[in-house]
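Notes for the one structure printed next.
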Amino acid sequence: MIDTNTDVKNETPLPSRPNRHDLVVRQAAAEKAWPAFRAWLLSNDATETEADADREDVLPELADALEWSYDGYEVAQHLERQGWDADDGLVDAARRLVDALYVAHDEAVKAWAVATEQRPTFKLGDHVRFEHPGRQRPVNGEVTKIDAARAKYVVFCASLGHVRQGVGSHGIYINFEDARPAVASATASDS
C-alpha cells in the first residue's frame, strides 16, 4: 500500500553562488591567462610548437596554483616549487592569472544570477540585516543600490562608518541571499 500522507519533493536545489575557490572558476582564469604564460614560455626559449603542446599540462597547474593564493608573487612561488623557473616574467604572468581569476569569478556570478533567475527581495530604501565578518552581532543598514547582474545590494550602514556624501565608503556589497529584514528596534540605531 502507498502512504499518501508523505510529501515527496522532486525539487532540485539551485546551485550555490560561485566563488573564487571553485575549480571551474580557477580553470576559466587559467584559460584567460594562458596568453601571458605562453608568452613567458616563448621568452624562455620554448618554440611555439612546444609552448602550444604544453598548454594542456600548464592549465591545470595554473588552476591549482590559484587554490593556494590570490597574490601574483605567491602564485609564482607556488609554481617555482612545482618546478617552474621563476623570474620577473613569471611573476608578471602570475599577476595576470590573479587578475583573470577576478574576471572569471565575476563572469561566473553573472551567469549564475541569470541561470538561477536571481531577483532582489528588497527595494531601494528598505532596511536589511546581515552578518558582518568583523562584528559579533548582525548589522542593520539601508539598501541604496541594487546590482541585479551580480545579485547584490549596496547597503549603507552608519555603524560601519559609511557616509552618504563626500569621500569615504558609501556602503557595502551584500549578496541577495545574505540579506534579511532588519529588526525594527535596531534599524534606527544601526543605519
Side-chain angles (χ1 to χ4, degrees), residues 12-120 130-134 144-155 160 167-179:
T12 304
L14 293 176
S16 59
R17 177 184 289 271
N19 70 58
R20 288 186 293 268
H21 291 288
D22 293 342
L23 179 59
V24 68
V25 173
R26 292 184 285 120
Q27 288 170 331
E31 289 276 351
K32 289 179 180 308
W34 167 247
F37 284 91
R38 184 179 187 276
W40 178 81
L41 290 168
L42 294 174
S43 73
N44 282 280
D45 300 325
T47 66
E48 288 191 17
T49 304
E50 290 169 333
D52 293 340
D54 286 344
R55 183 177 187 275
E56 295 309 312
D57 292 329
V58 168
L59 291 178
E61 287 185 51
L62 299 179
D64 181 56
L66 287 170
E67 189 171 12
W68 302 101
S69 178
Y70 299 144
D71 176 86
Y73 181 75
E74 290 177 7
V75 167
Q77 285 182 317
H78 175 80
L79 292 171
E80 184 177 35
R81 288 190 297 273
Q82 303 306 311
W84 292 57
D85 294 324
D87 61 9
D88 288 343
L90 183 64
V91 172
D92 183 54
R95 286 183 178 131
R96 291 175 188 250
L97 176 63
V98 171
D99 291 344
L101 178 65
Y102 287 93
V103 172
H105 177 245
D106 190 53
E107 290 172 354
V109 167
K110 288 177 179 178
W112 166 83
V114 169
T116 59
E117 299 178 356
Q118 294 294 307
R119 302 286 182 262
F130 60 94
E131 299 294 327
H132 187 275
T144 58
K145 181 179 177 185
I146 298 172
D147 184 347
R150 293 171 182 85
K152 290 182 176 268
Y153 301 107
V154 174
V155 180
L160 296 178
V167 179
S169 178
H170 295 269
I172 184 171
Y173 280 90
I174 303 298
N175 297 337
F176 282 177
E177 63 271 22
D178 295 335

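Please read these numbers as outputs of a predicted model, since none were measured by experiment. Sequential numbering from 1 along the given sequence is applied to the chain's residues.
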From CD1 (Ile174) to NE2 (His132), nearest 0.5 Å: 7.0 Å
Test side chain to side chain contact (heavy atoms under 4.5 Å, CB included) applied to Glu67 - qualifying residues, sequence neighbours left out: Arg26, Asp64
Test side chain to side chain contact (heavy atoms under 4.5 Å, CB included) applied to Gln82 - qualifying residues, sequence neighbours left out: Glu61, His78, Trp84
Under the ring pair (Phe, Tyr, Trp, His ring centres under 6.0 Å) test, residues paired with Tyr70 that sit two or more places apart: His21
With His105 via ring pair (Phe, Tyr, Trp, His ring centres under 6.0 Å) - residues at least two apart: none
CG-CG distance between Leu90 and Leu97, expressed to the nearest 0.5 angstrom: 10.0 Å
side-chain hydrogen bond (donor to acceptor under 3.5 Å, both in side chains) contacts in which one or both residues fall within residues 90-103, not counting sequence neighbours: Asp92-Arg96
Test item: Val109 and Lys152 side chains (from C-beta on) under 4.5 Å apart, heavy atoms: no
Nearest-0.5 Å distance, CG of residue Asp22 to CG of residue Leu101: 10.0 Å
Verdict with supporting geometry, Lys32 and Val103, side-chain contact (heavy atoms from CB on, under 4.5 Å): CA-CA 9 Å; Lys32 289 179 180 308; Val103 172; 3.9 Å; yes
Residues which pass side chain to side chain contact (heavy atoms under 4.5 Å, CB included) with Ala113, listed by chain and number, not counting sequence neighbours: Gln118, Ala151
Residues in ring pair (Phe, Tyr, Trp, His ring centres under 6.0 Å) contact with Phe176, at least two apart in sequence or another chain: Tyr153
side-chain hydrogen bond (donor to acceptor under 3.5 Å, both in side chains) against Glu80, all qualifying residues, sequence neighbours excluded: none
side-chain hydrogen bond (donor to acceptor under 3.5 Å, both in side chains) partners for Asp71, two or more places apart: none
Residue pair Ala30 / Leu62: nearest heavy atoms and the distance that separates them: CB-CB, 3.8 Å
Glu31 side chain near Leu59 side chain, heavy-atom distance below 4.5 Å: yes
By side-chain hydrogen bond (donor to acceptor under 3.5 Å, both in side chains) - contacts of Glu177 (at least two apart): Arg17
Verdict with supporting geometry, Arg38 and Asp52, salt bridge (charged side-chain N to carboxylate O under 4.0 Å, His left out): CA-CA 8 Å; Arg38 184 179 187 276; Asp52 293 340; 2.6 Å; yes
Backbone N/O of Pro15 and side chain of Trp112: donor-acceptor pair under 3.5 Å: yes
Approximate separation, where rounding is to 0.5 Å, of Leu42 CG and Glu48 CD: 6.0 Å
Nearest non-hydrogen partners of Ala29 and Ala100, listed with the distance: O-CB, 3.5 Å
Nearest non-hydrogen partners of Gly72 and Ala94, listed with the distance: O-CB, 3.2 Å
Euclidean distance, Leu79 CG relative to Asp85 CG, rounded to 0.5 Å: 11.5 Å
Spatial distance of atom CD1 (Ile172) from atom OG1 (Thr144) [nearest 0.5 Å]: 11.5 Å
Partners meeting side chain to side chain contact (heavy atoms under 4.5 Å, CB included) with Ala46 (sequence neighbours left out): Leu41, Glu50
Which residues share a side-chain hydrogen bond (donor to acceptor under 3.5 Å, both in side chains) with Trp40, sequence neighbours left out: Asp87
Trp68/Glu74 under side-chain contact (heavy atoms from CB on, under 4.5 Å): CA gap, chis, key distance, verdict: CA-CA 8 Å; Trp68 302 101; Glu74 290 177 7; over 6 Å; no
